[in-house]
Amino acid sequence: MKLLQPHRANRPVYATVGVLFVLSTAPVHAQDNEESVEEIIVTGSRIPRTGFETLQPATVLDSEKLELRGSIDLATALNEQAGFAAPGISPVDGQDADEIGQNFVDYLGLGQQRTLTLVNSKRFPAAVAPTSVGGLSVDLNMIPENLVDRIETIAIGGAPIYGSDAISGTVNVILRDDFDGFEVFGQTGTSPGHSDAGRTRIGATWGSNFAEDRGNIAFSFQYSTADGLKKTDRPATATGIGFETPGDPNSPYDLELFDDLTVAVDNLSPFPLFFGNQFAFNIFGNGVPLDINDPNSPITQFDANGNLLPFVPGGGTGSVIFQNGGDGLKLSSLTSLFVDSERYNTSAFLNYDLTDSITLTAEAWYVTNKGTEIINQPVFNSPAFGGLPGDGYGSVGSGPIPVLIDNPFLPAATRQTIQAAMDVVQDGNGDGQADPTIDTDGDGVPDAVGFWRGGPLIGVVGNNPNSTKREMVRGVIGLEGDIALGDRDYFWDAYVSYGRTESFDRSLQIIQDRFEQAILVTTDGNGNPVCVDQSNGCVALDVVGTATPEMVNFVAQSVVDKVTIEQRVFAANIGGDILDLPAGPIGAAAGFHYREESAKYDPNDLAENGFTRNRLVPIDGEFDSTEFYVETVVPLLGGDMDIPFVDILEFEGAVRFV
C-alpha cells in the first residue's frame with residue numbers, strides 16, 4: 001500500500017489573480033523528461049501540480065532541520081525563520097493565566113489571528129480563550145514534533161482556499177504517513193552557560209500495515225517538559241533596560257537609554273505613607289505621596305518583620321514614573337522569562353484502501369498541556385494602582401491600607417518612629433501631636449491617629465504563580481481518492497472533524513470582603529491581635545510584616561476559571577485538469593466548507609459573584625460559516641510552444657464566497 005499525504009496551503013480572502021513567469025536561457029519541456037513525475041497538492045492551492053512552483057513566497061521546514069535544531073516545540077522553530085514576528089501569546093514573559101504554556105505563530109507581523117495553522121491541510125481546534133486577543137489561533141504545542149514530516153508556509157495567498165484567517169499566511173504542518181515499525185526517541189539538555197532552562201522530550205511511534213498492505217495503523221506518544229525561568233535568572237533581563245526622558249532638561253535628546261529602570265511610584269516592599277507637605281507630586285491623578293526628587297524626604301519602607309529601613313531613591317530620568325536604580329518597583333523581579341511546561345501528546349492514525357481508488361483516513365488526538373508562570377506581579381494596595389484612600393477605616397479597594405498607630409503588629413521601634421514623623425507632618429493645630437486622620441466609626445469625622453500602608457501584597461500571594469491545564473481532543477474521519485470524469489482523472493477528498501479544547505486556569509485571588517475585614521485589627525484582653533469584626537472566623541492580617549499561612553488562608557483562595565472551545569468541520573474538495581491548451585492543461589479546483597465554532601468562558605464562582613477584587617462575567621458565543629471556493633491555473637505560454645527564454649507563463653485566480 002502506498003500512503004500519500006498531499007501538500008496544501010492558501011490564497012487571499014477576496015478574489016485573487018496572479019501570473020507566474022519563469023525565464024530561462026534554454027526552455028525545458030516536460031516531455032523531455034523520461035521519468036514519471038507524481039502530482040502533488042501544494043499548500044496554497046488545491047490543484048494538483050507536478051512541481052513546487054507557487055506565485056506566493058513559500059518556505060519548507062522539514063523534520064531533519066527540526067531534529068538538527070533540537071527544538072521541542074514547533075512554534076520556536078518557526079519563529080526563528082524569516083517572515084515570522086513575535087506572537088501576541090507565547091511562553092515568554094506572559095501574565096495572563098489563560099495564556100500560560102501556549103505557543104502561536106504570527107506571520108509577517110500582522111497578528112497571530114491572521115495566520116492560519118493547518119494540520120495535513122485540515123483545520124485544527126483553536127486554543128485562544130475568548131477573553132484574549134488572538135482569534136481562532138492554533139496552539140502549536142498541541143502538535144507533537146515527532147510526527148512532523150515538514151512544515152510548509154505560504155505567504156498571503158491562502159484566504160480564498162482556506163478562509164479569511166489566512167490573510168497574512170498559512171502554516172501547514174504535514175505529518176508523516178509512512179509508519180511501519182517501531183521508533184523510540186529521547187532528548188534532554190540544559191543551558192550550557194547557566195545549567196538551567198532544562199528541556200526534555202521522549203516518545204515512541206509504532207505503525208504497521210495490515211490487510212495485505214491495504215491498510216496502515218499507527219500510534220504515537222510524546223512527553224516533553226521545559227523548565228521555567230525568571231527574568232532575574234539572566235543578566236540581560238535582570239534589570240529594566242529601556243529608554244526614558246533624560247534627567248537633564250538641557251539634554252539634546254528626547255530619550256536616553258537607562259540600564260536599571262524602576263517604577264518610582266511603588267516598591268517591592270510595603271512602605272508607610274504620610275500626607276504632609278513633603279509629598280508633592282501627582283501621578284495618575286492620585287496624588288502619589290513619594291517625593292523621589294527630595295533626598296531629605298523621610299521615605300522609608302518595611303522589612304519582612306515590620307522594621308523600618310531607608311527607602312533609597314534612584315534618579316537620573318525626567319520621568320515621574322520611572323527612575324534609574326533605587327528601591328522602586330523592579331518589574332524584572334516579578335516577571336517570568338519563560339514558563340514551566342509539561343505536555344503529553346497521544347495520537348492514532350488509520351489509512352485503509354476501501355477500493356483501488358478510495359482511501360479511508362482517520363485520526364484521533366488527545367493532548368494535555370500544563371503550564372505554570374513561576375512568578376508574576378502580586379496584588380497591590382498602592383496609590384499607583386488604587387488612588388488615595390478616604391478617611392474611612394474600611395472599603396480600601398486596591399488603594400493604600402489604613403493602619404492605626406496602635407496596631408499590635410507594629411514593632412515598638414517602628415511605632416515610635418512613625419509616631420514621631422506623624423507628629424510633624426500631621427500636626428494641623430500646632431500642638432506637637434499628630435491629629436486624627438482615620439475615621440473608625442464611620443461618622444465622617446477622623447477619630448484615630450494612623451497612617452496608610454502602600455505596596456504589594458507579596459506576603460499574601462507569594463510569587464503569585466498562575467497555572468493552567470489545557471486538554472484537547474480531536475477526531476477526523478475522511479475519504480479521499482481519484483475519480484474519472486470523461487477521459488480525465490480528478491483528485492477529491494471529504495472529511496468531517498470535531499475538536500474540543502478545555503482550559504482550567506488556576507490563580508490565587510484576594511477575597512475582598514474578607515481582606516477588608518482582616519486588616520481592621522485590634523487587641524483582645526490578652527493583648528493579642530484580633531479582627532475588630534471576628535465573624536466568619538476572621539484572622540487578623542499583618543500588613544506591615546509577614547503574613548502567616550492562617551492569615552493567607554482567610555483572605556485568599558486558589559480559584560479555577562474554565563474555558564471551553566469547540567470546532568466542527570465538514571469539507572469537500574475536488575481538483576484536476578479540465579482542458580488542454582498548447583501551453584499545458586488548465587487546472588481547476590473547487591470545494592465546500594462548513595464550520596461551527598463555539599467558545600465559553602466560565603469564571604470561578606467567587607469572581608462571578610463579586611467576592612474578588614475584579615468581578616468577572618461569563619462569556620458564551622458561537623458562529624457557523626458556509627463557504628465555497630473555486631480556483632484555476634491557466635497556462636498561457638510554455639509546454640510544446642517552444643518560446644525562447646520562457647519556460648512557463650501562467651494565469652492564476654481564486655475566489656471564495658462566505
Side-chain angles (χ1 to χ4, degrees), residues 2-12 15-22 24 27-56 58 120-122 152 154 157-158 160-162 170 172 174 353 355-359 361 478-495 571-593 628-643 646-657:
K2 185 175 184 179
L3 300 177
L4 186 62
Q5 176 58 55
H7 270 66
R8 302 184 183 148
N10 286 30
R11 261 175 192 48
T16 180
V17 295
V19 175
L20 179 63
F21 189 29
V22 182
S24 174
V28 179
H29 306 296
Q31 68 269 23
D32 294 336
N33 188 352
E34 297 297 333
E35 296 183 5
S36 174
V37 180
E38 187 171 19
E39 289 188 332
I40 61 174
I41 295 179
V42 179
T43 296
S45 172
R46 297 282 187 177
I47 300 174
R49 304 168 187 243
T50 57
F52 196 84
E53 289 181 340
T54 66
L55 194 61
Q56 299 83 17
N120 288 339
S121 301
K122 298 178 177 67
E152 299 173 358
I154 299 290
I161 311 305
Y162 302 112
T170 302
N172 193 7
I174 307 297
D353 289 341
T355 70
D356 290 341
S357 59
I358 300 177
T359 299
T361 64
L479 297 171
E480 62 182 44
D482 299 317
I483 185 173
L485 298 176
D487 59 349
R488 297 183 182 274
D489 292 329
Y490 295 88
F491 170 84
W492 64 271
D493 71 271
Y495 74 91
N573 307 279
I574 187 170
D577 298 335
I578 60 175
L579 183 67
D580 291 327
L581 296 179
I586 297 176
F592 167 79
H593 191 275
F628 303 87
Y629 79 92
V630 63
E631 64 166 325
T632 186
V633 175
V634 180
L636 303 177
L637 298 175
D640 296 334
M641 300 178 71
D642 199 14
I643 305 297
V646 178
D647 282 343
I648 186 172
L649 177 67
E650 292 181 342
F651 168 88
E652 294 189 17
V655 63
R656 190 178 192 91
F657 174 78

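Listed here is the closest heavy atom pair of D577 and G587: OD1-CA, 3.9 Å. Closest of all the heavy-atom pairs between I161 and R656 is O-NH1, 2.7 Å. Of all heavy-atom pairs spanning R488 and D580, the tightest one is NH2-OD2, 3.2 Å. Scanning all heavy atoms of the two residues, the minimum distance from P635 to G584 falls at CG-O, 3.2 Å. The two residues I47 and A589 make their nearest non-hydrogen contact at CG1-CB, 3.7 Å. Between Y490 and L485, the shortest heavy-atom contact is CE1-CB, 3.7 Å.
Donor-acceptor pairing under 3.5 Å is recorded for the side chains of S45 and E631. Looking only at atom types and distance, the side chain of D482 has no donor-acceptor partner in the side chain of S357 under 3.5 Å away.
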Q: Please report the C-alpha distance between N120 and I174 in whole Å, then the side-chain angles of each, then the deciding distance to 0.1 Å, and finally whether the side-chain contact (heavy atoms from CB on, under 4.5 Å) criterion is met.
A: CA-CA 5 Å; N120 288 339; I174 307 297; 4.2 Å; yes
Q: Show your reasoning for whether side-chain contact (heavy atoms from CB on, under 4.5 Å) applies to L479 and W492.
A: CA-CA 8 Å; L479 297 171; W492 64 271; 3.7 Å; yes
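Among T632, I586, V633, the one residue that satisfies the side chain to side chain contact (heavy atoms under 4.5 Å, CB included) test with E650 is V633.
Here the side chains of V630 and F657 are not in contact, with every heavy-atom distance at 4.5 Å or above. Taking the side chain as every heavy atom from C-beta outward, N573 and F491 never approach each other to under 4.5 Å. Between L579 and P585, the closest side-chain pair of non-hydrogen atoms is not below 4.5 Å. Residues L581 and V634 are in side-chain contact: their nearest non-hydrogen atoms beyond the backbone lie under 4.5 Å apart.
Going from atom CD1 of I574 over to atom CD of E480 covers 13.5 Å, rounded to the nearest 0.5 Å. L649 CG to M641 CE: the interatomic distance, rounded to the nearest 0.5 Å, is 9.5 Å.
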